[in-house]
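What you see below is based on every heavy atom in this structure, not just the backbone, and it leaves out hydrogens, waters and symmetry mates.
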Amino acid sequence: MLAMDFRGPKRVRAVQKPMPTILHPEDAIVKVLRTCICGSDLHLYNGNVPDTRVGMTFGHEFVGEIVEIGAEVTEVKVGDRVLVPFNIACGRCIFCKEGMYGNCHESNSEATAVGGFLGYAHTGGGHNGGQAEYARVPYANFGPTVIPAGMSLDDAVLLTDITPTGYQAAEMAGIQPGDTVVVFGAGPVGIMAARCSWLFGAGRVIIIDQYDYRLEFAKNFAKCEAYNFEKDMDDPVMFIKKQTDWLGADACIDAVGAEAAGNAMQTITGRKTLLQAGSATALHWAINSVRKGGVISIVGVYGPTDNLVPIGNMMNKGITMRGNQASVKRHLPRLIDHVMKGILKPSELITHRIPLEDVADGYRMFSAKLDNIIKPVLIPPTANA
């Protein structure tokens, strides 16, 4: 089968790989119909995540048709079209029972923090992902969710990560009616977080980024204010203070993570020399621009080692800070309902549809922010066969 293959930082290609097989009686094999390149994949692509091994197939966002199931799979059947949450969750461990599906205790047994992820380095369990014609999906009695009749594949594939992550970002921000919410990062997750902030009652939503085309897209999709930190302000913290009567935002969302720009020292130590687990520039801005007693929500991905953050400011301001990988399965019932009712239209984020054969060009384009790209979807050659 054709699959994406990681050869080292900034080197990916499409190659022929062996078909995945059933390794456990609860496995399923899925024929991939849509798969995405995610901003989190760029952290792997750029070499920012430890233990990303040569030969890995990325891709934690995909939908497809079940073509084979293990002997103990009873909740889905061959022929079902399913969306596959990026979390690999057993559904029965102590953390899954608490709805913390991104922290499953069984799917990534050597980790002390995160659970298993599809297609995300060996820090996420080393599971190959869905940027391929076929993919193995563990715990098929719990993870794969049948796509409702009438839902497009493009909407469904955005429910595997981007929409639940943006939604959980707003949920963790503890938004109260009328709150001012600032989102750092106008990538797909940040844009969706801004859009979902209105669902929780925000009175004002501001998004900050450095790319004008992304900011313009965010204004149209999320109906929010949008500002360029390189052009519209000297200091994002002072700018937000001025915008909020010098009190600060009620909630800030870090939707950037490890590859944030805007501070030379953070860029050098977090992106160039990897002395810390990514550039924490957006997190600094969030801590220093949220009001006393405010809330910070972190969904931007950082590595598993230390970061330089102003923890004293967080403590002295009485800030609540929350972060996690999105528990996709927990949010799906509500988000499916929102999509079916037209409250959310995730597929509007998709700007590029790229053949899987051209995956190298897709990564290069997305990484370099070319052609006004917001969200690329890869189409395997067998998707319409």
Side-chain angles (χ1 to χ4, degrees), residues 1-21 23 27-49 51-68 81-84 86 88 117-138 153-154 156-158 160-162 187-188 259 347 349-385:
M1 68 168 185
L2 192 70
M4 173 271 191
D5 189 60
F6 177 69
R7 306 308 302 166
K10 296 186 182 297
R11 294 177 60 208
V12 302
R13 62 188 182 187
V15 302
Q16 290 294 323
K17 289 191 172 185
M19 283 282 292
T21 58
L23 301 179
D27 285 351
I29 305 300
V30 171
K31 176 184 176 181
V32 178
L33 301 175
R34 299 285 189 280
T35 182
C36 299
I37 303 175
C38 180
S40 297
D41 291 325
L42 296 184
H43 301 325
L44 305 176
Y45 175 73
N46 290 326
N48 292 108
V49 177
D51 210 8
T52 304
R53 302 184 187 180
V54 169
M56 186 81 181
T57 294
F58 300 164
H60 55 273
E61 304 175 41
F62 62 95
V63 298
E65 179 181 328
I66 293 180
V67 295
E68 186 180 356
R81 287 194 166 192
V82 295
L83 63 91
V84 181
F86 78 91
I88 303 175
F117 305 139
L118 288 158
Y120 207 80
H122 279 65
T123 56
H127 305 272
N128 280 315
Q131 291 174 7
E133 291 182 295
Y134 294 87
R136 169 181 167 260
V137 177
L153 292 176
D154 287 346
V157 76
L158 269 296
T160 62
D161 177 3
I162 295 303
E259 296 194 70
S347 58
L349 287 171
I350 297 171
T351 55
H352 291 70
R353 290 172 173 80
I354 301 167
L356 179 61
E357 300 93 312
D358 298 329
V359 65
D361 290 337
Y363 269 88
R364 181 181 59 83
M365 183 184 300
F366 197 31
S367 179
K369 310 295 189 292
L370 302 177
D371 196 34
N372 292 348
I373 193 167
I374 297 292
K375 185 63 177 177
V377 169
L378 299 171
I379 312 295
T382 51
N384 298 314

With side chains defined as the heavy atoms from C-beta onward, is the minimum distance between [X] and [Y] less than 4.5 Å?
X    : Y    : answer
Y134 : V67  : yes
F366 : Y45  : no
D154 : R34  : yes
H352 : V377 : no
N128 : M56  : yes
R7   : V12  : no
I354 : D361 : no
D161 : F117 : no

Donor-acceptor contact present, side-chain [X] to main-chain [Y], <3.5 Å:
X    : Y    : answer
T160 : F86  : no
T351 : I374 : yes
Q16  : M1   : yes
K17  : G55  : yes
E133 : L2   : yes
T35  : G130 : yes
K375 : C36  : no

Sequence neighbours left out, what pairs pass salt bridge (charged side-chain N to carboxylate O under 4.0 Å, His left out) with at least one residue falling in residues 363-374? none
Enumerate the salt bridge (charged side-chain N to carboxylate O under 4.0 Å, His left out) contacts for residues 35-48, please, sequence neighbours excluded, ordered by first and then second residue. none
Of all heavy-atom pairs between [X] and [Y], which one has the smallest distance, and what is that distance?
X    : Y    : answer
A3   : A132 : CB-CB, 3.5 Å
G119 : L44  : O-CD1, 3.9 Å
T52  : A121 : OG1-CB, 3.5 Å
L378 : P355 : CD2-O, 4.3 Å

Hey, could you give me the [atom1]/[atom2] distance between [X] and [Y], rounded to the nearest 0.5 Å?
X    : Y    : atom1 : atom2 : answer
D27  : T21  : CG    : OG1   : 8.0 Å
D358 : R353 : CG    : CZ    : 15.5 Å
Q131 : L118 : CD    : CG    : 11.5 Å

Over 60° means perpendicular and under 30° means parallel, so tell me whether Y120 and H60 are parallel, tilted or perpendicular. perpendicular
Walk me through it: do C38 and I162 pass the test side chain to side chain contact (heavy atoms under 4.5 Å, CB included)? CA-CA 8 Å; C38 180; I162 295 303; 4.2 Å; yes
Which is it for V30 and E65 under the side chain to side chain contact (heavy atoms under 4.5 Å, CB included) test, yes or no, and what are the steps along the way? CA-CA 5 Å; V30 171; E65 179 181 328; 5.9 Å; no
